[in-house]
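Below is one structure, written out as structure tokens; the observations come after it.
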Amino acid sequence: MALVLILQFLTLWPLCHGDVTPAVTSIVPPALSLKPSLGAQPAAIVTPGVNVTLRCRAPQPAWRFALFKSGDITPVLYRDVSMELAEFFLEEVTPAQGGSYHCCYRNLGWNLGVWSHPSDTLELLVTDQLPPPSLVALPGPVVAPGANVSLRCAGRLRGMSFALYRADEAAPLQYRDSAEPWADFPLPGARAPGTYSCYYHTPSSPYVLSLRSEPLVIRADHGSGSLDYTQGNLLRLGLAGLVLISLGTLIILDWRSQNHAPGVRP
């Protein structure tokens, strides 16, 4: 039995493992170079205890499929099926089972040791909670009269659903699904002032939620032009007052000089 397992490992290792260059003797014909695809059901991001199925799909009927996890030198699982699809079942997954996976396949008619190229890497994340996003205002947290503002909630993962909250309101203000690691929430300038936060979650069940972002305060700019105009008026009024005081002082001094001049009676 041990000898059989060793022989299976030696025939599987040369081409399927993504970290090893294929052996020169194991030539893959052009028609066989099409790599499989690897997907996860119900999702690639799940909470601990969920049953996950990794599906390796070949572009042509295959005989054997193998599943690898990065860091492991032997296959995690393999399946002998006479079809294009093989399913690998991971029951009640734990955080330790999270990581990078890829798969490959071979056909019964291929030479010994010939395997397809590995699939693209699938990242399986097993966690109770996703890290918090950041929340920023574009172009800035101070909204000028007549201008609008956009709030960007940015996480670390693509394909998430985002929700924007306003302080003292229980229901989300806006929802967004995004293919990018962020989502933008446009706000009209007149109603923008307030305190906001956001979070994101997986788009389908079983849902995995992130922590809330730090609160972001949006303030209204009441008009720097009006403020400058008021300051200018105050400055002009001050100068006018100084001029009046100076004129009054000159008049008094002139009157006193005339009253005290020789030969002038009061």
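Side chains included, hydrogens not; waters and symmetry mates left out as well; all remaining heavy atoms used. What you see is a predicted model, and the numbers here were worked out from it, not measured in a lab.
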(request) For side chain to side chain contact (heavy atoms under 4.5 Å, CB included), just list the numbers for W110 and Y105, CA-CA rounded to whole Å, side-chain angles, deciding distance to a tenth of an Å, and then say yes or no. (result) CA-CA 11 Å; W110 296 359; Y105 66 95; 3.5 Å; yes
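With Q97 contributing its side chain and T94 its backbone, the two residues share a donor-acceptor pair below 3.5 Å. With K69 contributing its side chain and G98 its backbone, the two residues share a donor-acceptor pair below 3.5 Å. Put simply, the side chain of S116 never gets that close to the backbone of R106: no donor and acceptor are under 3.5 Å apart.
With a 6.0 Å radius and a threshold of 12 heavy atoms from other residues, nucleotides or ligands, E214 has its CD atom at or below the threshold. Counting heavy-atom neighbours within 6.0 Å of E169 CD, excluding the residue itself, gives a total above 12.
With sequence neighbours left out, the side-chain contact (heavy atoms from CB on, under 4.5 Å) criterion links P206 to P42, V46, V50. A search for side chain to side chain donor-acceptor pair (under 3.5 Å) contacts involving R212 returns S197, not counting sequence neighbours. Remark: S37 pairs with no residue by the side chain to side chain donor-acceptor pair (under 3.5 Å) rule, at least two apart or across chains. Remark: D184 pairs with R152 by the side chain to side chain donor-acceptor pair (under 3.5 Å) rule, at least two apart or across chains. Under the rule for a salt bridge (charged side-chain N to carboxylate O under 4.0 Å, His left out), the partners of R55 that lie at least two apart in sequence or sit in another chain are E87. The salt bridge (charged side-chain N to carboxylate O under 4.0 Å, His left out) search around D80 returns R64, not counting sequence neighbours. Residues satisfying the side chain to side chain donor-acceptor pair (under 3.5 Å) criterion with E123, sequence neighbours excluded, are S100.
For the side-chain hydrogen bond (donor to acceptor under 3.5 Å, both in side chains) condition, no pair includes a residue of residues 132-149, sequence neighbours left out. Each salt bridge (Lys or Arg N to Asp or Glu O under 4.0 Å) pair with one or both residues in residues 172-181, not counting sequence neighbours, appears once here: R158-E180. Residue pairs that meet the ring-ring contact (aromatic ring centres under 6.0 Å, His included) test with at least one member in residues 201-221, sequence neighbours left out, are Y199-H201, H201-Y207. Pairs of residues two or more places apart, or lying in two chains, that qualify as disulfide bond (SG atoms under 2.5 Å apart) and include a residue from residues 114-207 are C153-C198.
Smallest separation of non-hydrogen atoms from H117 and P36: O-CD, 3.2 Å. For the pair A43 and L124, the tightest heavy-atom approach, listed with the atom from each and the gap, is O-CD1, 4.3 Å.
The hydrophobic cluster containing V149 also includes I45, L125, L130, L135, V143, L151, L157, M160, F162, L164, L173, F185, L187, Y196, Y200, V208, L216, I218, under a criterion of side-chain heavy atoms closer than 4.5 Å among ILVMFWY residues, counted directly or through chains of members.
Atom CG of residue D128 and atom OG1 of residue T47 lie 6.5 Å apart, to the nearest 0.5 angstrom.
Residues L67 and Y101 have side chains in contact (heavy-atom distance under 4.5 Å, counting atoms from C-beta outward).
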